Amino acid sequence: MPELERDSKAAKVAETWESQLRRTFRAMVVARTLESKLASLYKAGKIVGGVYIGPGQEAISASIGSCLSWDHDIFSALIRDQAGRTAFGEPMLDATRSYLGSVKGPSRGRDGNIHRGRPNNGLPAMISHLGAMVSVVAGMLLARRIKGCLDGVVGAASVGDGASSTGSFHEAMNTAAVENLPLVVVLTNNQFAYSTPNDRQFACKSLVDRAVGYGVPGYEVDGTDLSATLRVISKAVSNAREGGGPQLVVANALRLSGHGEHDDASYVPEKLRNSPVGRDCMEVAEQQLLSTGLITDAELLEWKKEAAEEVQAAVAQAQKEPAPDPFADDWAVYASTEIAPVS
Amino acid sequence: MPELERDSKAAKVAETWESQLRRTFRAMVVARTLESKLASLYKAGKIVGGVYIGPGQEAISASIGSCLSWDHDIFSALIRDQAGRTAFGEPMLDATRSYLGSVKGPSRGRDGNIHRGRPNNGLPAMISHLGAMVSVVAGMLLARRIKGCLDGVVGAASVGDGASSTGSFHEAMNTAAVENLPLVVVLTNNQFAYSTPNDRQFACKSLVDRAVGYGVPGYEVDGTDLSATLRVISKAVSNAREGGGPQLVVANALRLSGHGEHDDASYVPEKLRNSPVGRDCMEVAEQQLLSTGLITDAELLEWKKEAAEEVQAAVAQAQKEPAPDPFADDWAVYASTEIAPVS
Amino acid sequence: MGEITYIDAIREAQHELLSSDERVFIYGQDVGDFGGAFKATQGLKKLFPDRVLDSPISEDAMIGLAVGAALEGMRPIIEMQFADFSSVGFNQIVNQAATQFYRTGVPSPITVRLPSGGTPGSGPFHSQMMESVYAYYPGLVILTPATVADAYSMLIESVALDDPVLYFEHKFLYRWLKADQLKDGKDPLPIGHARVVRAGKHATVVAYSAMVHEALRAADLLASEGWEIEVVDLRSVKPLDTDTVIASVARTGRLLAVGEAFPWGGVTAEVVSRVTSDGFHLLDAPPQRLNSRDTPVPYHPNLWEAHRPTLESIAAAIRNLLQL
Amino acid sequence: MGEITYIDAIREAQHELLSSDERVFIYGQDVGDFGGAFKATQGLKKLFPDRVLDSPISEDAMIGLAVGAALEGMRPIIEMQFADFSSVGFNQIVNQAATQFYRTGVPSPITVRLPSGGTPGSGPFHSQMMESVYAYYPGLVILTPATVADAYSMLIESVALDDPVLYFEHKFLYRWLKADQLKDGKDPLPIGHARVVRAGKHATVVAYSAMVHEALRAADLLASEGWEIEVVDLRSVKPLDTDTVIASVARTGRLLAVGEAFPWGGVTAEVVSRVTSDGFHLLDAPPQRLNSRDTPVPYHPNLWEAHRPTLESIAAAIRNLLQL
Ligand SMILES: Cc1ncc(C[n+]2csc(CCOP(=O)(O)OP(=O)(O)O)c2C)c(N)n1
Ligand SMILES: Cc1ncc(C[n+]2csc(CCOP(=O)(O)OP(=O)(O)O)c2C)c(N)n1
Ligand SMILES: [Mg+2]
Ligand SMILES: [Mg+2]
């Protein structure tokens with residue numbers, strides 16, 4: 001997938017809108033393919049623990065990732081951000097290894113599934129506690145400011161409607177605003193936090209109404225519409241890059257899966273599924289790219305085939321790799337070798 | 001001070017605006033007198049620990065208290081709320097006993113100074129952790145709703161500009177909004193949190209901009225102006241009382257003391273002191289009441305004299321009372337007698 | 001074993017509490033129509049629509065709100081989705097709830113349910129044991145039921161108690177542990193009493209929560225080797241029933257304290273140091289501890305099984321103790 | 001005693017760190033021009049305007065931000081205004097910072113300064129000892145300097161360490177404890193090493209933080225009664241230097257562990273249970289513990305003095321131990 005590999009800021013600046021749209025969409029295709037596979041592996045009992053996927057949100061997630069450069073920008077991906085991870089540049093093997101328990105995964109089996117990252121490449125590994133990653137991204141940005149290398153850098157953090165209720169989210173937004181850091185927070189309002197609908201989560205009209213309270217620009221967009229979403233997120237990212245400080249994007253969509261693959265989401269009302277917010281962003285995007293001639297049917301088929309092959313290979317690779325061995329693991333929890341563990 | 005004693009809702013409904021203004025101002029006079037005395041006792045080494053006072057904020061604080069009824073409404077007072085406590089109906093001895101370490105104080109010497117309350121009368125005792133009391137008030141209101149006795153009740157919580165940065169504040173505001181509870185949050189922006197000025201605390205234009213993000217009505221008022229402040233807080237309180245849900249009032253003033261009496265506040269710029277926000281609300285209120293004939297010079301003098309006498313008596317009383325005795329205290333930390341302490 | 005699970009007991013206790021006491025309400029994420037992440041409140045919202053309420057994702061506010069409601073005479077039950085997330089409500093638990101009665105003389109009887117402990121594949125943030133972190137704080141009652149009957153009766157008692165209770169339920173036991181009946185016929189032991197769940201004479205193993213069952217299996221294994229191992233289920237880690245533990249050590253002369261917690265401090269340290277301070281002369285050998293490893297709880301089942309005590313590691317620790 | 005106070009040492013160490021290491025910055029409430037609530041950063045903002053930053057009242061974000069900065073190679077020092085307020089940053093400390101290296105292999109070397117412990121009139125929320133709460137969590141280093149020289153050298157070492165360090169400074173020592181020099185001439189002990197601060201042969205008292213000084217005064221008193229009491233200053237509660245403690249017990253045969261913490265669990269339980277597990281045969285008498293009472297820290301000085309261990313109560317506990 002050569003199109004996903006571009007990662008220098010220079011390349012991005014020169015990139016055309018059409019090319020970025022194609023690149024973003026391609027990440028969506030790859031992510032949907034990968035996540036569907038992970039869901040079936042879960043159902044087949046091949047994955048221990050949970051599987052969390054993001055169907056219906058790929059347009060939003062991929063748009064974040066495609067606006068950022070690996071090894072240059074920062075992205076805190078959350079549980080439904082496979083598309084964003086792919087677009088940002090996370091190797092697919094990181095996902096399959098983490099889910100399938102290969103010792104070669106980025107956390108060597110110590111953690112799994114979506115709790116993975118590569119902090120040294122700009123992809124911190126999420127902890128489960130919602131809202132807690134936003135201040136970590138702010139800190140990464142602050143560090144670069146102090147080191148004098150913040151210029152042109154953006155940090156993005158993904159959060160959900162539910163996470164917006166956490167004190168952690170609030171403190172981080174406010175702190176980033178006080179420091180005027182180039183932080184783009186993309187809040188995917190997928191109408192639910194687990195089973196909890198918006199009306200039990202917040203009482204404002206739209207969560208974008210929070211932006212003014214932090215003194216940061218706010219944007220709201222139909223997250224089922226790739227082209228609109230990419231445009232808005234690109235704008236927020238470039239504002240941040242140019243010194244505009246934190247930005248809050250609220251993108252509306254519907255979670256088209258259960259909370260995790262163990263959940264049938266039967267609590268999601270039929271009416272909501274059939275409303276505009278319930279549209280599948282993949283279908284919308286396909287139509288957008290096909291109808292504008294940005295992609296042909298044949299090319300799309302080819303992309304899907306390539307994605308399936310890549311997924312197949314990444315799964316096969318992870319599956320043939322050894323699981324962690326408690327006798328081989330050094331159980332080190334301290335980086336300083338002079339600190340001996342307690343027992 | 002018979003005017004402070006009215007505490008039934010019926011009485012309050014019938015009360016004229018003029019009478020409420022007088023009552024509120026009288027609480028200000030009493031609080032200023034009491035707090036000045038506490039400050040001198042501290043300087044004379046008669047008080048152990050800190051002394052925290054609210055000069056410059058009495059108009060705001062007293063307005064909250066005077067809109068609420070003891071034993072009926074709820075008020076979470078914070079560190080600069082002597083005026084609000086007085087207006088709400090807290091006995092003055094609670095203050096002097098807490099500060100002077102009398103065992104007869106509401107916490108029997110176990111806690112001191114502003115960490116006092118009477119939860120059974122609607123005055124919960126603050127913990128120091130900023131923001132943490134707002135959800136407690138929300139819970140008291142929720143309890144009354146479940147019990148079916150919320151009708152006509154209001155809970156008010158006082159917070160500062162600094163407290164607005166806490167996650168606790170955010171979670172409580174949002175939760176109260178989701179439950180549509182009759183919570184009035186009065187945020188006194190006194191320009192500083194300890195030494196930290198507003199521009200290191202938040203980046204929005206005014207903290208009232210937070211209201212829309214919670215989906216609640218917001219009000220901003222010049223907190224140095226008693227009549228304006230009382231009008232706005234009264235309105236917020238009656239909106240809440242009538243089912244309008246949470247209300248956020250931001251009142252602007254300047255802290256005319258140090259953070260505590262140990263602090264000379266030399267970091268407060270002269271320019272700010274001389275700006276409109278630096279006006280002393282006591283002087284403004286005096287002028288307002290005198291010039292409109294709501295009070296005469298003689299009456300004011302009489303009020304001040306009475307306040308001084310009341311303070312003198314409350315201090316003398318607390319000072320002659322015994323200090324806590326570690327052998328007499330039962331050290332009970334559990335309400336259930338079946339739970340034995342560890343040691 | 002019968003068909004009533006540990007999680008059934010928790011659900012039934014809550015049903016009973018809501019039915020019999022109007023002061024009780026349940027507040028937590030997804031506890032309403034969804035019935036909770038583990039289905040501990042399934043069906044309750046239908047029966048008690050005004051007293052089973054979904055909360056936003058705001059653990060700090062959830063506890064603050066519960067304390068406020070308790071001050072007004074209610075008996076809130078707060079469900080944490082996982083014990084691990086109580087770290088965000090930590091301040092309200094240890095500073096607001098725990099100190100309330102001491103400071104004001106007004107009780108704050110809240111019950112916080114904390115789904116705890118490891119299950120395969122749950123990883124560092126959905127597996128933690130936090131009982132000792134909270135037990136440190138004066139004013140809290142810390143319960144760790146290990147049986148179906150205790151899960152039921154101790155939750156009923158938690159809500160009856162005038163103090164804040166943290167009720168640590170173990171996720172591994174939810175559907176694995178079954179009994180014939182909700183109540184085991186006997187009168188439930190009062191809060192704060194440990195129970196000798198297996199009599200023995202060669203050594204005492206003190207355990208709590210899911211580790212009681214591992215300890216019992218280890219005792220079975222050791223029985224086949226001719227050793228009679230006494231197993232004590234603490235049930236409550238604060239208050240801690242030192243008397244029952246010391247009485248057992250008086251019979252056996254040997255002590256192994258087992259916990260699923262991280263190894264620094266915690267319940268096993270408190271047990272061992274109480275026994276040695278107060279029952280030193282009863283000991284025929286140095287008392288021993290067995291805990292999880294001093295790392296976050298690993299995700300992968302291979303690592304997880306080597307992280308927490310198991311039948312095998314407990315049996316090995318007992319054998320070692322018997323030789324000291 | 002000289003003129004350099006414990007708080008001077010903390011300030012000087014930070015000055016030194018900022019001067020010698022560009023990766024260091026200080027973040028906390030009022031640490032800038034104001035110099036911090038206790039003046040530990042006085043004058044530093046003037047010298048290093050871009051690396052001494054005032055934070056909003058957001059302890060959760062403060063720690064999250066520090067971890068992020070540490071991931072980028074910085075060495076942040078976070079000042080909590082009081083240790084008690086770290087309860088609001090608890091989640092980020094125990095779940096974000098402590099687990100980072102284990103999960104990702106990338107270190108998160110943050111130093112959190114926590115002004116701890118009781119002073120007269122400070123009450124339940126400005127007096128707490130929280131070292132054991134954090135020591136429970138794998139991945140954290142927990143330091144408790146008790147001397148001016150240690151306050152200095154251990155803060156320097158904290159920042160040098162590749163792991164998250166919680167540096168518990170005791171407020172009571174801030175201005176009361178004085179020394180002639182910042183460094184005591186000797187090479188500073190490495191992190192994790194305890195120090196025998198007074199040699200003796202009749203009993204060992206293990207203490208840390210401000211209690212070291214109470215223990216020393218008690219030992220002085222006991223000396224006048226003819227007893228030679230050895231006093232060990234733990235310095236670091238995680239890692240905990242069991243070897244030095246056991247070596248001391250080997251000399252004296254008797255152990256009293258003293259802490260200012262609440263009595264359930266904590267450092268004293270860990271010390272006693274380690275010594276009994278590993279050094280049982282060295283003990284001539286049951287090891288004892290002395291902590292504060294199991295209530296919140298009271299405001300009134302009369303209550304406060306009866307709440308925490310003092311010269312008198314330590315001396316009484318030693319006398320009791322000597323008779324066991
Ligand atoms: C502080 C905290 N409390 C509870 C949870 C449990 N939890 C995990 S995901 C989730 C719902 C998240 O909803 P949202 O933020 O809207 O994200 P979405 O799942 O919809 O993508 C909850 C409650 C958590 N992870 N963190
Ligand atoms: C969570 C928390 N962090 C820090 C503190 C220490 N502290 C006490 S008062 C204060 C400043 C409060 O400022 P503000 O909320 O504006 O109230 P004001 O003092 O101006 O009335 C601080 C930082 C605290 N009490 N709670
Ligand atoms: Mg959601
Ligand atoms: Mg302020």
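Heavy-atom basis, side chains included; hydrogens, waters and symmetry copies ignored. Here the structure is a predicted model, which means the values were calculated and not measured. We name chains A, B, ... by the order of the sequence lines, and we start the count at 1 in each one.
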task: List the steps, then state whether ring pair (Phe, Tyr, Trp, His ring centres under 6.0 Å) holds for C:Phe90 with C:Tyr137.
output: CA-CA 11 Å; C:Phe90 181 71; C:Tyr137 285 91; 5.8 Å; yes
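Interface residue B:Arg144: only side-chain heavy atoms are found under 4.5 Å from chain C. No part of C:Ile63 comes within reach of chain B, as not one of its non-hydrogen atoms sits under 4.5 angstrom from that chain. B:Met173 does not touch chain C: none of its heavy atoms, backbone or side chain, sits under 4.5 Å away. At a 4.5 Å heavy-atom cutoff, the contact between C:Gln96 and chain B is made by backbone and side-chain atoms alike. Contact annotation for C:Pro138: both backbone and side-chain heavy atoms come within less than 4.5 Å of a heavy atom of chain B. Residue contact with chain B, scored on non-hydrogen atoms closer than 4.5 Å, involves the side chain of C:Arg51 exclusively. For chain B, the nearby parts of C:Asn95 are the backbone and the side chain; heavy atoms of each come within less than 4.5 Å.
Put simply, of C:Ile191, C:Val67, C:Val141, the one with the most heavy-atom pairs under 4.5 Å next to chain B is C:Val141. The residue among B:Val134, B:Leu142, B:Leu141, B:Ile127 with the most heavy atom pairs within less than 4.5 Å of chain C is B:Ile127. When each of B:His115, B:Met140, B:Arg108 is checked for heavy-atom pairs under 4.5 Å with chain C, B:Met140 comes out on top. Most heavy-atom pairs under 4.5 Å with chain B: of the set C:Thr104, C:Thr242, C:Asn91, this distinction falls to C:Asn91.
Ion pairing between a basic and an acidic side chain is recognised when a charged N comes within 4.0 Å of a carboxylate O; C:Asp21 and C:Arg23 show such pairing. Note on C:Asp54 versus C:Lys45: no salt bridge recorded, every NZ/NE/NH1/NH2 to OD/OE distance being 4.0 Å or above. Between C:Asp162 and C:Arg75, at least one side-chain N (NZ, or NE/NH1/NH2) sits under 4.0 Å from a carboxylate O, which counts as a salt bridge. Salt-bridge formation is detected for the pair B:Arg116/B:Glu90: a Lys NZ or Arg NE/NH1/NH2 atom is positioned less than 4.0 Å from an Asp or Glu carboxylate oxygen.
The two atoms that bring C:Ser236 and C:Thr144 nearest to each other are N-OG1, 4.2 Å, heavy atoms only.
In this structure, C:Tyr134 and C:Phe168 have tilted ring planes: the angle between them lies in the 30° to 60° band. Between B:Tyr214 and B:His170, the ring-plane angle classifies as tilted under the 30° and 60° cut-offs.
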